Every structure is written in C-alpha cells, then in structure tokens.
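What you are looking at is a predicted structure, and each value in this text was computed from that prediction instead of being measured.
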Amino acid sequence: MDEFKRTYLRFCKEVGVEPQESVLTQLQEMRGTAGGSRLDLAGHSLSVDTCAVLGRVLQKDTLFTEVVLSDCMLSEEGTKLLLSGLCSNATIKILDLKGNNIRGTGAEAVGKMLVHNKTLRRLTLEWNALGVWDEAFSIFCEGLASNSCLAQLDLRNNQINHQGATELALALKRNSALQELDLRWNNIGLLGGRAILEALQKNHALVQLEMTGNNIPSDTLKALEQAVEHNMDRQSTLRESRSRSQVLSKEIQNLKEEKGRQFLALMETIDKQREELGRSNRTSSVRVGQLQEALNERKSAVNSLTAKLQMTEAALALSEQKVHSLGKLLSQANAEKAELLDRQAREIAKEQEESVMREGKLLREVNSLTEQNLQLKNKVEDAERRCKAQQDQIFELKKELTNTTAELKLRLSQAEGKGVLIPVDHVNRHLEETERTLQERILKLEGLRIQLEDVRDSLSSCRALDPHLDSVLALQQHRMSSLEEKLRAARQSRDESQAHCCQQKQTISELQAKNSQQSLEMDGLRRRIEELQQEVIGKEQEKVAEVSRVRVELQEQIGHLQAEKTAQGSLKEKIAALEREMKALSSNHREAMLDKESEVASLLERLRLRESEMQRMREDEAQRASFLQNAILTYVQGSPIGHYSPKK
C-alpha cells in the first residue's frame, strides 16, 4: 500500500497535479485497516487529473485485485483516462463502476478496456447510461464479444433499449466466457427479449440471466429462463463429465505409474543381467585376446625363423648355382686351353720335323756348298721365319697365360666376394698340366737350341769352303741369342705362374676352410630350426589345449546365458501379460469414454429436441398472441369506442 501511495505521489509530481486529499486519506485508512488487495474509493469525487494519475498507477500495479469506484462522479474524460490505464493491468479481477453516469465516450472506453484486458472476471456498471448512445453501446458490445475472460457483468439501470439489446445479443452469440448477466430495469422490450432469446440458442455458457423490469412478455421471460436452465444443465453435465474424465484419467495415470514402476524394476533387473553378461563376455574376450596375442607372438617367431631358413637355403642354392656355373666356365676354359696346347704341340712337332729335315739338308749342303749355298740361304731365311713364328707363338702363349691367370684371379676375387666355392682339385690339375706343357715346350726349345748349335758348329767347320757363311752364322747367333732371351722370359713367366698357382692353392685352401665353417654353421642352423619346430609343435599343442579349455568355459557361459535368456523370456512374457492388461484397461476406459460420449450425445439430442419443441411452442404462442392482438384490434375497431376514439 505504501508503494502504491508513493507511486501515486510521484506521478502527481511528474504531471504537476496536486494530490487529491480524499484519495490520500482513503489510502491512509486502507493502510491502517490492512485492506490488502482491495482499492475502495467509493463515494469520493475524482477529478480528471486524479483519474489520469490513477490510470498510470494502475497500469503497472500488481497489488490490487479489486477496484471499487462506485458513485465517484467520474466525467467522460476521467473515465477514459482511468480505463486506458486498466487496459494493460494484469492483476485486477473485479471492477465496480456503479453510479458514475457513464455515457458515450465512457462506454467506448469500457469496450476498448474489455478488448485489451485479459484478467478481469467481474464488471459492475449499475446505474449508468450506457444505452443512451447507440454507437457507443455498439462499441461496448464489440469489446464484450471479443473478451474471453469476463464471467460476470452487471448492466442494471443503463437505459438499454431494444436496439442495444440487439447489439448485446450479437455480442452474446460470439462470447463464450460470460456466465452471469444482469439486465434488470432497462427498456429492452419484446424485440430485445426475442433477440436475446435468439442469441441464447447459440450461447451455451450463460447460466444466469436477470431480465426483470424490461417490459418483456411473460412467455419470452419463461423461454429465456428455460434457455438459461438448459445452459445450466449443459454446464452441469459438462462439469460431471469433466470430473469423471479427470477421475478416470487419474486412475489411468496411477495405473500407468504403477505399470511404469513395475516396468522400470523389470528393466533394472534386465539391465543388471545384461551388465553381468557384458562383464562375463568382456572377461572371456580379454582372455581370448590374450591367448590370441600369445599365439600371434609364437606364429611371428616361427615365421621369422622360417624366413631366415628360407633365406639361408636360397643363399645356399644361389652359391651352389654359381659354383656350378663357374665350374662349367672353368671346364670350358680348360678344354680350350687343352685344344690350344694340342695345336701348339702339333706345330712344335712339325717344326722339329722340319728342323730335322733342314739339318739333313745342311749336311748334304756341306758336301755340296757351292751348289747348295743358295739353298742354305733359303733354309736360313726359312729358319728365321720359323723362329719368328715360334717367337710369336711364345708371345701368344705368354699372353694366353697372363689372360688365364688374370681371369682366374678375377674369378677368385668374385668367388671370395660372393662366398662361392671353386673345385680346387680341378684347378690344381689344370695348373699342373699347364706347367707340364710349358716345361715340355721349354725342353723342346732347348733341344732345338742344341741342334742349332750343332748346325752352327758344322757351319763353322765349313766356313773355309764358303766365305759367306760367317755372315749367315752371325745372323744365326743373333737369332739364337734372341731365342735364349725368349727362353729366359718363358722360364720367368713359368716361375711367376708357379707362384701364382701356389697363391691360388692357398686361397683355395682358405675357401675350403670357409666352406667347411659355413657347412658347420648350416648344420647348427638346421638343428636350431628343428628345435624351434619342435618347440612350435609343443606350443601349438599347448594352444590347442588352452583353446579347448576356453571353449569348454565358453560353453558353460553359453549355458548360463541360455538360462538367463529363458529367464528373460519369462520376464518378457510377464511384460506382455502386463501390456495386455494395460491394453484391456485402456480398452475398458475407451469403452467407458465412448459410453459417456454416447450419453452426452443422447443428452445433447434430448436438449436439441427440447429446444426444437420450445421453439415450436414459442412460435405457437407468438402466433396465438398475433391472432389475439388482431382479434382485439378488430374488436376495438368494430366497437363504438373505436369509432369515437378518433374524434376524441
């Protein structure tokens, strides 16, 4: 209350209006008596400025739920300003404007207030003049038609005529919230009563209607009373059906809650069983995973060992293949070398035969020097050519020997780099044969040298016979010295080849030692692989035993799960039974609702029949009344009083 007073004083100060003493006094009295939520300014004359300030204060007020402004001598402008503030108020439910002579502008303000206000439940407008201006009252009726919260309306002594009653009837057709309407002591008349009666055919919310003192015929009043009674019966029936439906909905809700609790308990037990099943599945999956990891580790170890074994076997096969290929190459080289040696031997034999023939010829030429000088020169030249050919052959042999030694060194280095083994005995035999052939050739060359020395001696003995023999012998000596140098070079190359053969023998022995060591390592690896295979077989047997044990455990768990599944099946059957019971209850409730709806429909049909019967009775009464009125008029017109009445 103090807050309302302070707000009132503040708004008065803002507007520049002097606060009205009567209002302040009344507010002070209400504060002393603890008026609570009721603002009572009845009997106090309120000025326009005071109404404007009160409208602004009540616009945002949340304290009062009832405002009494009866007999306050409100002006049209003051009423408009006050009600414009009440348009947006959300707490006032009761408004009393009795005895304020509200007319056109005030009626329009009341209509606008009814359009915008959504909380007002009771409005008292007794002893005003709302029906004086038809246009203003039509605006009031429009506001009443659009209002959806007003339940009680008091319009006593408002000078409402039949036109205003028609406007009010149109508003009642659209309004579905008004329950009590007081229209006593107006001037509604027969036409207004019929209009309101016609409105009640569509309005089923009005349950209390006061129509005394409106010059309405008794039959119309009775029809209005019957329509209101029909509305009351309808409302009571609707209230009973609503209460029953509420009771049934409560019962259904209780059943649903109970079934929900049972279902939740059942679901909790199912969830617990599922959690236990999940835990057991997780433990079994973890155990199987561990076994699988151990098995995978063993498999990876076995795979790595098998890969190593395959790699070693592949390397061994590759080395054997390389040895075989090198052996083939060496055999081909030996065959070629043997062929060359045979060819050289044949040539050397041929040369020896030719030298023997040449020596015979020289002996015969010594006997006949004069005749055979030219032949000797030719033979010397022939010998020179042969010596040159032999020198070329020796050079070729040295070149072949160096090439073969270089090739053997290269192959030995490649074999050492790749770890390939060369057949040593074959190489030794080859070297010995080459050494033997070289020695034979050297011996043959020495024999040839001796023969040539003999020829030289024979030529020296025959020097006296032929003076040209000195030059020939000098030339032969020079050739012999060159041949001796070639022999020394051949001996030196033979020594080098022997040293190289010794070195090759040493490398071959080293390679044989390495080969034996590798064979030992291969034997050790084979034994290791066999041990690992045995170990893998043992691990596989252990794995099979573990898998069988886990399989047995899983079968036991599956048995437990199947038992739990059967229990869950029984629970599901119970749930299905409960659902069937719920369906049966819902069907029963639906049937009950259908029965109630059929009862309501039958009652509505009875109401419609009664209304049609009442309408027919009204039409009959109206027809009788019209007949009676016509009869009275004809009687009055036909009587002598009727003839003399115009003269009066």
Side-chain angles (χ1 to χ4, degrees), residues 131 134 137-138 141 144-145 151-153 155-156 160-242 594-638:
D134 293 336
F137 191 72
S138 65
C141 291
L144 179 63
Q152 299 177 7
L153 179 61
L155 294 175
R156 288 178 291 177
I160 301 172
N161 55 14
H162 64 92
Q163 293 180 356
T166 304
E167 295 289 337
L168 188 62
L170 292 174
L172 289 175
K173 286 180 181 179
R174 294 164 55 190
N175 188 286
S176 61
L178 190 65
Q179 297 178 358
E180 298 179 8
L181 178 62
D182 196 346
L183 294 173
R184 288 179 290 179
W185 311 114
N186 286 289
N187 194 17
I188 293 174
L190 177 62
L191 298 177
R194 288 181 178 178
I196 292 173
L197 182 61
E198 185 180 356
L200 288 176
Q201 301 299 323
K202 295 182 179 180
N203 187 304
H204 301 295
L206 196 64
V207 295
Q208 184 176 351
L209 178 63
E210 299 292 340
M211 299 290 290
T212 306
N214 281 289
N215 295 322
I216 299 173
S218 60
D219 56 348
T220 306
L221 288 175
K222 287 181 181 178
L224 290 171
E225 290 177 358
Q226 288 177 357
V228 171
E229 287 178 357
H230 282 305
N231 288 341
M232 290 178 65
D233 293 338
R234 185 188 298 274
Q235 293 294 329
S236 63
T237 304
L238 288 174
R239 282 195 296 273
E240 288 178 359
S241 64
R242 286 173 186 168
L594 291 172
D595 293 337
K596 294 296 180 183
E597 288 178 357
S598 62
E599 289 178 3
V600 170
S602 62
L603 289 173
L604 291 173
E605 185 67 23
R606 289 172 62 187
L607 282 172
R608 190 180 62 77
L609 293 173
R610 286 190 180 183
E611 286 174 356
S612 62
E613 187 177 356
M614 287 174 66
Q615 184 68 24
R616 186 174 56 78
M617 290 172 68
R618 287 194 202 98
E619 291 175 355
D620 293 340
E621 290 293 331
Q623 191 176 4
R624 287 175 188 174
S626 64
F627 289 159
L628 182 61
Q629 187 177 4
N630 292 328
I632 292 169
L633 288 174
T634 54
Y635 176 74
V636 171
Q637 290 176 0

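The minimum heavy-atom distance linking Leu206 with Asn203 is given by the pair N-OD1, 3.1 Å. When all heavy atoms of Ala171 and Cys141 are compared, the pair lying nearest together is CB-O, 3.3 Å. Nearest heavy atom pair, residue Ile216 against residue Met211, reads CD1-CE, 3.4 Å. Nearest approach of His204 to Asn231, heavy atoms of both residues: CA-OD1, 3.3 Å.
Under the salt bridge (Lys or Arg N to Asp or Glu O under 4.0 Å) criterion, Arg242 pairs with no residue, sequence neighbours left out. Scored by the side chain to side chain donor-acceptor pair (under 3.5 Å) test, Arg606 finds no partners at all (sequence neighbours excluded). Among residues two or more places apart in sequence or in another chain, the side chain to side chain donor-acceptor pair (under 3.5 Å) test is passed with Arg610 by none.
In this structure, Asn161 CG and Asp134 CG are separated by 5.5 Å, a value rounded to the nearest 0.5 Å. Going from atom OG of Ser138 over to atom CD of Glu167 covers 5.0 Å, rounded to the nearest 0.5 Å. The CD atom of Gln208 sits 10.0 Å away from atom CD of Gln179, with the distance rounded to the nearest 0.5 Å. One distance of note links CD of Glu210 with CG of Asn186; it measures 12.5 Å at 0.5 Å rounding. To the nearest 0.5 angstrom, Ile160 atom CD1 is 8.0 Å from Asn214 atom CG. Interatomic distance, Ser598 OG to Leu603 CG, rounded to the nearest 0.5 Å: 9.5 Å.
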After noting the C-alpha distance and the side-chain angles of Thr237 and Leu604, does the key distance pass the side-chain contact (heavy atoms from CB on, under 4.5 Å) rule? CA-CA 10 Å; Thr237 304; Leu604 291 173; over 6 Å; no
Contacts under 3.5 angstrom, residues 190-202 side chains, donor-acceptor by atom type, not counting sequence neighbours:
none

Show me, pair by pair, the donor-acceptor contacts under 3.5 angstrom made by side chains of residues 614-623, not counting sequence neighbours?
{"residue": "Gln615", "atom": "OE1", "partner": "Arg618", "partner atom": "NH1", "Å": "3.2"}
{"residue": "Glu621", "atom": "OE2", "partner": "Arg624", "partner atom": "NH1", "Å": "3.4"}

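Annotation: side chain of Leu168 is in contact with side chain of Leu183 (closest heavy-atom distance under 4.5 Å).
Here salt bridge (Lys or Arg N to Asp or Glu O under 4.0 Å) pairs that include residues 224-234, with residues two or more places apart or in two chains, are Arg234-Glu611.
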